[in-house]
2 protein chains.
Amino acid sequence: MDEPRKRAGRGRAPAAVGRTGRPRQAEVARLAGVSQATVSLVLAGKKQGAAISEETRQKVLDAAGSLGYVPDPAARRLAAARNGLLGVFSFTATFPTDVQHSYYPFLVGVEQEAAAQGYDLVLFTGSSRGGAGATGPQALNRARLADGCLLLGRHAPVDELRRLVDDGFPVVHLGRRDEPEGLAWVGADYVSASREVVHRLAALGHRRIILVREDDDAPASTDREQGFLEGVEAAGLPGGHAAVFRCADPERELGPERLRQWVAEGVTAFVAEETDSGAAWRALSKAARDAGLHCPGDISLALLGSPPPDLADGPQPTGFDIPRAQLGAAAVRLLATLVAGEDAPDPLVACTFRPGASTGPPPKALGDIA
Amino acid sequence: MDEPRKRAGRGRAPAAVGRTGRPRQAEVARLAGVSQATVSLVLAGKKQGAAISEETRQKVLDAAGSLGYVPDPAARRLAAARNGLLGVFSFTATFPTDVQHSYYPFLVGVEQEAAAQGYDLVLFTGSSRGGAGATGPQALNRARLADGCLLLGRHAPVDELRRLVDDGFPVVHLGRRDEPEGLAWVGADYVSASREVVHRLAALGHRRIILVREDDDAPASTDREQGFLEGVEAAGLPGGHAAVFRCADPERELGPERLRQWVAEGVTAFVAEETDSGAAWRALSKAARDAGLHCPGDISLALLGSPPPDLADGPQPTGFDIPRAQLGAAAVRLLATLVAGEDAPDPLVACTFRPGASTGPPPKALGDIA
DNA sequence: TTGTAAGCGTTATCAG
DNA sequence: CTGATAACGCTTACAA
């Protein structure tokens with residue numbers, strides 16, 4: 001009666017060691033002279049309700065140590081629905097080819113915070129073609145190996161994503177995202193940051209400020225405009241939509257003449273939205289140069305974001321920086337709370353104001369006339 | 001008697017849908033009116049022994065499709081010990097996601113070949129600190145989520161690695177590696193490539209060739225020296241260890257005087273080992289310049305490898321290139337055969353000879369005198 | 001050709 | 001405080 005269980009369907013004799021040749025909790029238990037369940041409990045190391053005698057505890061720990069026991073992450077995940085792993089999914093074409101678009105700065109924060117939260121990371125790419133289904137309807141499915149996953153780019157197939165979200169699998173998108181519904185995300189607080197920039201300009205004495213933005217309805221654009229408008233209103237400046245210059249092609253539509261005209265009308269400061277291309281800021285700077293308007297002597301220019309890499313070595317534009325590492329960290333924090341089944345915290349991360357050298361008080365003459 | 005099984009220990013009522021809220025094979029089976037095992041068989045899509053009627057097959061496929069069934073990778077791995085995933089482990093600070101990163105060229109090949117073999121990839125790093133054990137004795141353990149894993153860099157802890165290897169877990173190291181014993185690896189065939197370079201020099205008419213190498217006993221160095229010596233012998237040149245100049249600090253020990261002396265003794269060609277630092281090649285080129293020896297007019301120089309990035313735009317040195325992408329691909333192929341339990345193929349990948357512009361026939365006068 | 005059932009290694013429940 | 005025991009979702013040997 002030593003072997004109450006019937007033999008396995010597979011026909012193997014019950015060996016002292018598993019199929020994998022690696023010690024299982026059962027072996028540890030045998031060596032420690034306790035039940036396998038006890039091993040599990042001890043190894044789980046639950047602080048609360050320390051319901052295990054120090055003696056057994058040590059026996060188990062010793063046994064595990066001497067056997068070199070390591071838990072099987074797959075079994076862990078299957079049984080407990082958690083294995084201490086977080087997935088990071090980047091749906092770039094292959095391993096990211098574009099240096100500019102590298103997620104590196106985010107990943108730094110992601111890794112740090114994951115470690116701090118006691119998670120390990122697993123990176124998936126959506127790249128593989130013809131693989132087990134990486135391009136097919138199962139690309140995201142690999143994510144289920146982990147307790148939750150982070151999405152890094154907007155190329156994830158929405159349907160699959162919806163699937164994941166609907167199943168209640170914890171997913172966090174890095175960057176604001178509205179689809180599919182219910183998808184959690186973290187993003188930079190462009191509204192507050194933009195408002196702050198306007199506030200600073202107003203504090204310097206500027207009364208008329210114009211926002212130059214591209215013709216794009218991405219949340220990143222909309223948020224900046226909203227923040228700008230809030231700032232304008234808060235400062236009691238003449239505002240409304242008249243203060244927003246929206247153009248499809250800044251390079252073409254924003255010339256020196258236009259700029260001079262605005263200045264003549266009493267505008268002393270300009271604010272450009274930051275986009276991938278950096279077109280708005282580039283056009284604005286160029287127009288100012290071409291118009292012979294010195295900055296910050298004649299006019300003040302600010303950028304709602306960070307300067308494009310190719311302009312990085314010029315004089316720092318006043319504006320704000322997106323704390324990429326912090327964003328990554330915030331994403332992990334959010335994901336961790338979702339995994340733990342807790343409520344989601346504020347998804348917004350504050351940007352940091354960058355004083356820069358492109359703003360100053362408005363010129364006396366012009367400023368006062370207005 | 002509809003429910004022969006006792007209720008779950010966990011106390012949940014057996015729901016129509018699993019804990020995860022996502023359809024399992026059981027649901028598919030119910031919908032298709034077949035057994036769960038049949039679903040598994042159909043979905044496995046085994047060609048051989050097509051022991052399933054086309055009708056059932058379709059029923060199952062339809063059911064699975066309409067339910068949006070996706071297999072659970074963890075369960076798959078647990079039950080079958082394979083889930084179509086290959087792990088890639090790099091013990092770098094962060095994910096080697098950046099093109100800049102030195103692993104990138106390898107990863108390109110890894111990715112392609114993995115796809116070709118029907119595998120998906122999962123990337124791990126050993127970076128995380130304080131994670132569930134990424135730095136601890138379990139960093140490598142995550143790898144067990146996949147069917148096998150690739151190691152990229154020599155920072156993997158040997159003990160853990162030995163563990164993995166001893167357990168019979170398929171591991172392939174990218175780059176030659178002797179420890180722990182039994183570890184599979186793929187590497188570039190430096191011996192053949194170096195021999196080829198010497199062969200070419202000999203064919204040009206060079207009779208005395210010297211190898212400049214650093215004082216390092218890495219296999220990469222040793223292999224090159226071996227290939228060099230083989231080449232020297234094969235060409236019937238005066239060789240032996242006298243032809244090898246081994247120095248700890250090439251910059252310092254390899255000056256223009258030294259070079260001139262060798263040339264005076266009849267040496268017409270020099271071969272430098274490639275290392276991380278590129279010190280040997282750098283020193284050699286500089287010494288030649290300083291000595292006023294024109295290359296390839298006065299002497300021929302060759303490099304056993306590729307030029308360091310900062311010299312990449314200069315004139316191409318004669319030598320060979322390491323086919324990084326192919327190395328990555330070969331690693332995946334090897335790993336796949338290990339996973340399949342087959343025998344390992346040749347671990348060496350051939351390098352490609354690069355003609356370059358730093359070699360030519362030896363100068364008439366000197367060559368003939370010697 | 002299909003269904004039955006064991007078991008992969010772990011967690012978690014519940015009775016002793 | 002400990003030990004059976006069910007279950008996680010799947011694969012697979014074997015019986016029907």
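Chain letters run A, B, ... following the sequence lines, proteins first and then strands; every chain starts at 1.
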Original post:
Any idea which of dT10(C), dG3(C), dG9(C) is nearest the Ser35(B) side chain?
Top reply: dG3(C)
Original post:
Counting side-chain heavy atoms from C-beta on, which of dT10(C), dC10(D), dC1(D) comes nearest to Arg24(A)?
Top reply: dT10(C)
Original post:
What integer distance in Å separates Arg77(A):CZ from dC8(C):P?
Top reply: 22 Å
Original post:
What is the distance from CZ of Arg76(A) to P of dA12(C), rounded to the nearest Å?
Top reply: 10 Å
Original post:
Given atom CD of Glu27(B) and atom P of dC8(D), what is their separation to the nearest angstrom?
Top reply: 10 Å
Subject >> Where Pro23(A) and Leu67(A) come nearest, the two heavy atoms and their spacing >> reply: CG-O, 3.4 Å
Original post:
Rounded to the nearest Å, what distance is computed from the CD atom of residue Gln25(A) to the C1' atom of nucleotide dG3(D)?
Top reply: 14 Å
Original post:
So does Ser40(A) get a side-chain nitrogen or oxygen closer than 4.0 Å to the phosphate oxygens (OP1/OP2) of dT11(C)?
Top reply: yes
Original post:
What is the distance, rounded to the nearest whole Å, between atom CG of Leu41(A) and atom C1' of dG3(D)?
Top reply: 10 Å
Subject >> Minimum-distance pair of heavy atoms, taken over all atoms of Pro345(B) and Thr337(B) >> reply: CD-OG1, 3.8 Å
**OP:** Rounded off to whole Å, could you give me the CD-to-C1' distance for the Gln58(A) and dC1(D) pair?
**Re:** 17 Å
Original post:
What's the CG-P distance between Leu43(B) and dG9(D), to the nearest Å?
Top reply: 16 Å
Subject >> Smallest separation among heavy atoms of Val60(A) and Val28(A), with atom names >> reply: O-CG1, 3.8 Å
**OP:** Take atom CD of Glu181(B) as the centre, draw a 6.0 Å sphere, and report whether it contains more than 12 heavy atoms from other residues, nucleotides or ligands.
**Re:** no
**OP:** Take Thr56(A) and Gln36(A), find for each the nucleotide of DNA chain D with the closest heavy atom, and name the residue whose nucleotide sits nearer the 5' end.
**Re:** Thr56(A)
Subject >> Length of the line joining Asp72(A):CG and dC8(D):P, which is rounded to integer Å >> reply: 18 Å
Subject >> Backbone N/O of Gln25(B) and side chain of Tyr69(B): donor-acceptor pair under 3.5 Å >> reply: no
Original post:
OP1, OP2 of dT2(D) versus side-chain N and O of Ser53(A): anything below 4.0 Å?
Top reply: yes
**OP:** Establish, with yes or no, whether the OP1 or OP2 oxygen of dG3(D) is under 4.0 angstrom from a side-chain nitrogen or oxygen of Thr38(A).
**Re:** yes
Subject >> Given dT11(C), dT2(D), dT4(C), the nucleotide with the shortest approach to the side chain of Ala37(B) >> reply: dT4(C)
